[in-house]
Protein chains: 2
Amino acid sequence: MEAVLTEAVALLDEAGESALTFRALAARLGGGVGSIYWYVSSKDELLDRAADHVLADVLRAAEMLTGSDDPIDDLRAIAMTLFDAIADRPWLGAYFMRNTGVQPHGMKLYELIGEQTLRLDLTRRERFHAVSAVIGYVVGIAADMGQQPPQEVRDGEVSREDYLSRFVAQWRAMDADQYPFVHHIVDDFEVHDDADQFSAGLDLLLAGLRLQAGA
Amino acid sequence: MEAVLTEAVALLDEAGESALTFRALAARLGGGVGSIYWYVSSKDELLDRAADHVLADVLRAAEMLTGSDDPIDDLRAIAMTLFDAIADRPWLGAYFMRNTGVQPHGMKLYELIGEQTLRLDLTRRERFHAVSAVIGYVVGIAADMGQQPPQEVRDGEVSREDYLSRFVAQWRAMDADQYPFVHHIVDDFEVHDDADQFSAGLDLLLAGLRLQAGA
DNA sequence: ACCTGAACACCGTTCAAGT
DNA sequence: ACCTGAACACCGTTCAAGT
């Protein structure tokens, strides 16, 4: 079982979600295709378990970062850890924290985030909503980033920079009267850093939460 | 072309993403499998175009709701419209506003959201980040919601209520010492409404933005 | 209890051939 | 210019058979 998940994660890390195939996995494990079904009942479950396998480390890292005086700072640290994990492994995005019953570490992470809100002066419902918002935000930005770029970029025929700059050129070519905002931010877009972008949005969310908690 | 997209959307609406197959689509159109490739170069492009086809209506609805005195209120109205669209069509979540160059309406929606921030006292970079944050949040919550429930629920063998209550029972059965937060919010989770949840988190984000803009 | 691998029922995509 | 449908190279999943 352990080996199945380790090899599955390796396959995902090396070549992305499309590379994880029962046949490819069986080949790496030196066995037959069918044997994987002894450990896992479907590909969906395999992906859930692979994701949760990786979340064990993420959870450990997140736990290390909590315990400061300020629960909102802790919330920030946890969210950043999650972001880093998905930035490292884009395939995680899709199977991240699905509370399916086979994701114990995902559940523990949910709990850890929630516990920070227990330290804030909020109603139960506000706490529930705050946690949903933080997780939703992380997943959303991650999904946006993890969007697999077109084939040519994946194959290395076109570099990420060229891809981005082609994008930027396309934006610049748009009608300035119809797209004032696009033109307004295109320079910032050109040099933007995903982590900064994530961090800035997270700050808005947490500022709203701090206001609500009166902290 | 129009017919291809209309039927593709119909297929997606009726039975979800897995039902959209080149063979199924060709059958509905009364033609051969290969002919679809005349209009679209891959399945990914088909899904992009189907999503954008639907975004035309979303854009129109969103445009109707803007123009109030308060740009943040307008931002809120647009985000709510997006949320409703994805709630109606869970398959949209995954192909929502991918700025791929074949999604003109997605681009226009991005512009529309951005234009609201032009009315706020922010730096260019803050505007760029604010728009990313709002879209990221919408996509994230939508992805969470659009997560297809297990087979038994989809087949109607188990109702959504039973599924949710089984979930709740599982949460209640967890160790109260190890999962204080989960126990804290399980009652709220049991009766929660997705739209409320979305709305509450959006308010946090927008409160943070309002603070930043000093508005 | 755990594994094998052929077989089944699908996919997306290509392409020579048609109109 | 637009369409056809057989063919190809894959998939996930099942299952009788093995150890």
Side-chain angles (χ1 to χ4, degrees), chain A residues 1-53 91 94-95 98 100 102 147-155 157, chain B residues 1-53 91 94-95 98 100-103 147-155 157:
Chain A
M1 181 73 229
E2 182 62 24
V4 171
L5 294 184
T6 306
E7 288 308 319
V9 169
L11 228 28
L12 288 164
D13 283 344
E14 282 165 30
E17 194 162 340
S18 64
L20 181 58
T21 280
F22 276 85
R23 287 175 229 288
L25 184 54
R28 276 180 93 113
L29 292 163
V33 239
S35 67
I36 299 163
Y37 282 90
W38 182 258
Y39 300 98
V40 121
S41 72
S42 71
K43 185 165 187 190
D44 232 46
E45 191 188 320
L46 175 62
L47 278 157
D48 275 338
R49 296 201 119 100
D52 200 65
H53 190 250
W91 58 267
Y95 288 86
R98 316 209 298 167
T100 53
V102 297
Q147 232 172 76
Q148 63 184 353
Q151 197 65 47
E152 25 179 28
V153 181
R154 260 174 294 156
D155 293 348
E157 291 167 25
Chain B
M1 180 73 226
E2 183 62 24
V4 171
L5 294 184
T6 306
E7 288 307 319
V9 169
L11 228 28
L12 287 163
D13 283 345
E14 283 165 29
E17 194 161 341
S18 65
L20 180 58
T21 281
F22 277 84
R23 285 165 177 69
L25 185 53
R28 276 180 91 114
L29 292 163
V33 240
S35 66
I36 299 164
Y37 281 91
W38 182 258
Y39 300 98
V40 120
S41 72
S42 71
K43 185 164 186 188
D44 232 46
E45 191 187 321
L46 175 62
L47 278 158
D48 275 339
R49 295 201 120 101
D52 200 64
H53 190 251
W91 57 268
Y95 288 85
R98 313 210 300 167
T100 52
V102 296
Q103 292 200 307
Q147 234 172 74
Q148 65 184 352
Q151 196 65 45
E152 24 178 29
V153 180
R154 260 175 293 157
D155 293 350
E157 291 166 24

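In what follows, every chain begins at residue 1, and chains take the letters A, B, ... in the order their sequences are listed.
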Expressed as a whole number of angstroms, how long is the span from [X]:[atom1] to [N]:[atom2]?
X: A:Phe22; N: D:dC10; atom1: CZ; atom2: C1'; answer: 15 Å
X: B:Leu11; N: C:dG12; atom1: CG; atom2: P; answer: 11 Å
X: B:Ile36; N: D:dT4; atom1: CD1; atom2: C1'; answer: 12 Å
X: B:Tyr37; N: D:dA6; atom1: OH; atom2: C1'; answer: 15 Å
X: B:Met1; N: D:dC3; atom1: CE; atom2: C1'; answer: 16 Å
X: B:Glu45; N: C:dG12; atom1: CD; atom2: C1'; answer: 14 Å

Nearest of [options] to any side-chain atom of [X]?
X: A:Ser35; options: C:dC11, C:dC3, C:dT13; result: C:dC3
X: B:Lys43; options: D:dG12, C:dC3, C:dT13; result: C:dT13
X: B:Val33; options: C:dG5, D:dA6, C:dG12; result: D:dA6
X: A:Arg23; options: D:dT13, C:dC2, C:dT13; result: D:dT13
X: B:Trp38; options: C:dG12, D:dA1, D:dC11; result: D:dA1

Q.
Please give me the minimum heavy-atom distance between B:Ala15 and B:Ser18, naming the atom from each residue.
A.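 Heavy atoms of B:Ala15 and B:Ser18 come nearest at O-OG, 4.2 Å.
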Q) Do you know which two heavy atoms are closest between B:Glu17 and B:Trp91, and how far apart they sit? A) OE1-O, 4.3 Å
Q: Pick the C1' atom in D:dC10 and in C:dA9, then give their distance to the nearest Å.
A: 13 Å
Q) With a 4.0 Å cut-off on heavy atoms, is B:Leu20 in touch with a base, just the backbone sugar-phosphate, or nothing at all? A) sugar-phosphate
Q: Check every strand shown and say whether B:Gly31 touches a base, only sugar-phosphate, or nothing at a heavy-atom separation below 4.0 Å.
A: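 Sugar-phosphate contact only - B:Gly31 comes under 4.0 Å of backbone atoms but never of a base.
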Q) In terms of side-chain geometry, is the basic nitrogen of A:Asp44 or A:Arg98 positioned less than 4.0 Å from the acidic oxygen of its partner? A) yes
(Q) Using 0.5 Å steps for rounding, measure from the OH atom of B:Tyr39 to the CG atom of B:Leu46. (A) 13.0 Å
Q: Any strand is fair game: report the nucleotide pairing with D:dA7 by Watson-Crick or G-U wobble, both distances under 3.5 Å, or none.
A: C:dT13
**Q.** Pairwise side-chain contact, A:Leu29 with A:Leu25, heavy-atom cut-off 4.5 Å (strictly under)
**A.** yes
